[in-house]
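Naming convention: chains lettered A, B, ... in sequence-line order (proteins, then strands); numbering from 1 in each chain. Not measured: the values here are computed from a predicted model.
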2 protein chains.
Amino acid sequence: MKQVTIYDIAKEAKVSVATVSRVLNDTAPVKGSTRAKIEELIQKYNFQPNAMARSLLKKETGIIGVIVPDLTNPFFPEVFAGAEEEAQQSGHTFLLSNSIGDYAKESEYLSIMREKRVDGVIFLGGRINLKNCDEHLVQELVQHASVIPTVLVNGGLRNTNLIRVATDESVGTALAVRHLIELGHTEIGFIGGESHMTTTSIKLRAFRKTMKDEGLEIRDNWLLPDSFSIDSGKRQMLKLLEMEERPTAVFCVNDYTAIGAIKAATEAGLTIPTDMSIVGFDDIPLAHHFIPELTTVSQQAHELGRMAVQVLKAIMKKEKVKQLTSLAPQLIVRQSTGARSGQKKVSSN
Amino acid sequence: MKQVTIYDIAKEAKVSVATVSRVLNDTAPVKGSTRAKIEELIQKYNFQPNAMARSLLKKETGIIGVIVPDLTNPFFPEVFAGAEEEAQQSGHTFLLSNSIGDYAKESEYLSIMREKRVDGVIFLGGRINLKNCDEHLVQELVQHASVIPTVLVNGGLRNTNLIRVATDESVGTALAVRHLIELGHTEIGFIGGESHMTTTSIKLRAFRKTMKDEGLEIRDNWLLPDSFSIDSGKRQMLKLLEMEERPTAVFCVNDYTAIGAIKAATEAGLTIPTDMSIVGFDDIPLAHHFIPELTTVSQQAHELGRMAVQVLKAIMKKEKVKQLTSLAPQLIVRQSTGARSGQKKVSSN
DNA sequence: GGGTTTCATGAAAGCCTTTACATTCAATGA
DNA sequence: TCATTGAATGTAAAGGCTTTCATGAAACCC
């Protein structure tokens, strides 16, 4: 069934396409009777102007491209929801791609998005390496950003000045580690995160710094990066449990690994937090419902998404934007952390 | 910075745009030296042909529109991932929208997708009512489907013959309920699901039928639809716990409500499954990691997504497709269900 | 009542590709 | 040697819209 065009409408209404366009966009006065006639026909044929043709002319598509590492991790849908909320007001829609941390795919998607002339791109999730980074992708991204407004969310790139919106993960990590220390823990481990990812290296660095600042020893064999999945949390906790000496508390790079760690520890017969304290990061919706409820660092995922779109829109309007918009994380104390056993809880006031 | 066009390339290479187009699409032989020259220029300017212009001509965009009720429920990202996998092969990308079960939004998104001339639409998640349905949306959807290839995933619509891909939720529900019965339970409740949604009504009907077939009594005040969130599971479990008589087992419409139910029961001092058995639906990744691990019905979310795209592609190619592609669900027995207390477990062989 | 606005509309160019058709030129075959 | 073929390339239309410019008609002012 052939799509009806503005010409068909114009013809049947015995007016020119210009007039139809005018009622469509309400861009100039049209006589009441003419307008009525045209509107009736639009209704009749259920006519929808071809966005392709319009975009071709206006050089804007109303589409924002989003590249996400793993939609399966609840943190990202949350960010996406925030982004969507903000985008709605301006009528933007999202072209979404899951890169699963695969550089080739990220590259490919970036390319598709340029072809499709999206109005802007949001690159989510710290999948951009700080070091060891794939030079090719980086260059591509930088070059790309010079053509299409781009914002990085929770990802950074040394030596580039790409616009970013990010949680201050350093502060968040410090918050979590200090919380453990205040509970009396001195032997603390670190679990999860691919070590060449921005987010991991930021957290690891902050972890080290906080420990050092507090005068605590860092045991290298308790530093166990892996990936961001639940299973990786399990895996590394298992490793920890096999050691002769093990920490009394663990910082996990995200809630998924924290859940995995708790699961493994529980299965091994430990009670959380009595036998071991575990803190996560992100505050995914489930953190609050897991048993035990997760102590974690909230990233305000929703807000992060909103901000990303807000900043992106600003760039599109050629407004001046800060290179980095930083969101403050917040420690959420729940049930998975407790005083170091054999030691009474340090009061916090 | 003005985007470079095929004209710019042609001009600098001293050939016509047709020739450039030919090397771009490899659609006709081009002399080696000419090709080299053109390719060099494409490289130099990092030229990407404008997909908009191409689509306008070819009448296909390579975009599939996806409408999801709630991306925040882990089931949907899983489906999406499957869809993406299948779409990748044919180079399709996704325009994703979260409707949050809001009819106005669904309608709006549908409209946007038509404007954007997506090649097809996947409508996810049983948000289409069987009864009490918003006539307007239904008509719109049906009409829409006559213009753009459309597939409904886990949603049905009485009196329409829209193409569907769905888990057999009736069978799944029966599987779960029979499992409870085999464990010795005779007093079984039903929690969650908005009652005007397809998925809820299918499950509720199957629940009733199975109970009846097995000669068990259905207590209306143990039938507690609500929504699909964790909180709704909590809420309804709380209600159940306040009753004088309460069931010994509960079927939940999805894993999220099951998790909520378990949480509430646990907080109230019950032990799952000793004091109460709870079964979910979906088998989200977390089901396997929750404590206790969730007994649930697997929907093969990933496969569902793949199938949806497969069927959609078939429709696009004008191939004949079945009106309903049904996927078999599978009962996954884990830790949240057990023999009715005070009664020994019924052996299953 | 003639000049100036304002309103309502039309004609046509332009956005960037692809592609059907036309053209040129060299090689092939009888 | 001349017609035929095939390769390499060019020309121009089409795809569906927006928008500038132009025009005619009606309304306004003094």
- Within this structure, what is the CG-to-C1' distance between A:Asn50 and D:dG16, rounded to whole angstrom? 6 Å
- Message: Under 4.0 Å, heavy atom to any atom of DNA chain D: which of residues 5-18 of chain B qualify?
- Response: B:Lys14, B:Val15, B:Ser16, B:Ala18
- Message: Could you check whether B:Asn46 and A:Arg114, counting side-chain N and O atoms only, form a donor-acceptor pair closer than 3.5 Å?
- Response: yes
- Item | First and last nucleotide of DNA chain C, 5' to 3', lying under 4.0 Å from heavy atoms of chain B | C:dC16 to C:dT19
- Output every pair passing salt bridge (Lys or Arg N to Asp or Glu O under 4.0 Å) with a member in residues 32-42 of chain A, not counting sequence neighbours, ordered by first then second residue. A:Asp26-A:Arg35, A:Arg35-A:Glu39
- Item | side-chain hydrogen bond (donor to acceptor under 3.5 Å, both in side chains) partners of residues 311-323 of chain B, not counting sequence neighbours, each pair once | B:Ser90-B:Lys313
- Item | base_contact_polar (D:dG10 base, B:Arg22 side chain, donor-acceptor, <3.5 Å) | yes
- Do A:Phe94 and A:Phe80 have ring centroids that are under 6.0 Å from one another? yes
- Within less than 4.0 Å of OP1 or OP2 of D:dC17, is there a side-chain N or O belonging to A:Ser55? no
- In residues 27-49 of chain B, which ones come under 4.0 Å of DNA chain D, going by heavy atoms? B:Pro29, B:Val30, B:Lys31, B:Thr34
- Item | Considering all heavy atoms, the nearest A:Ala28-A:Arg22 contact | CB-CD, 3.4 Å
- Item | Whole-Å gap separating P (D:dG16) and CG (A:Asn25) | 17 Å
- Would you say the side chains of B:Arg54 and B:Asn25 form a donor-acceptor pair under 3.5 Å? yes
- Message: Which residue in the set A:Leu327, A:Leu124, A:Thr325 passes side-chain contact (heavy atoms from CB on, under 4.5 Å) when paired with A:Leu304?
- Response: A:Leu327
- Task: Give, for atom CG of B:Leu110 and atom NZ of B:Lys105, the distance between the pair rounded to the nearest 0.5 Å.
- Result: 15.0 Å
- Query: Going by distance alone, is a donor N or O of one side chain under 3.5 Å from an acceptor N or O of the other, for B:His92 and B:Glu86?
  - Reply: no
- Message: Could you work out how much the helix from C:dG1-D:dC30 to C:dA30-D:dT1 bends, comparing the axis of its first five pairs with that of its last five, to 10°?
- Response: 40°
- DNA chain D: A:Leu24 or B:Ala53, which has the more 5' nearest nucleotide? B:Ala53
- Ignoring backbone atoms, test whether A:Lys59 places a side-chain nitrogen or oxygen under 4.0 Å from the OP1 or OP2 oxygen of D:dT18. no
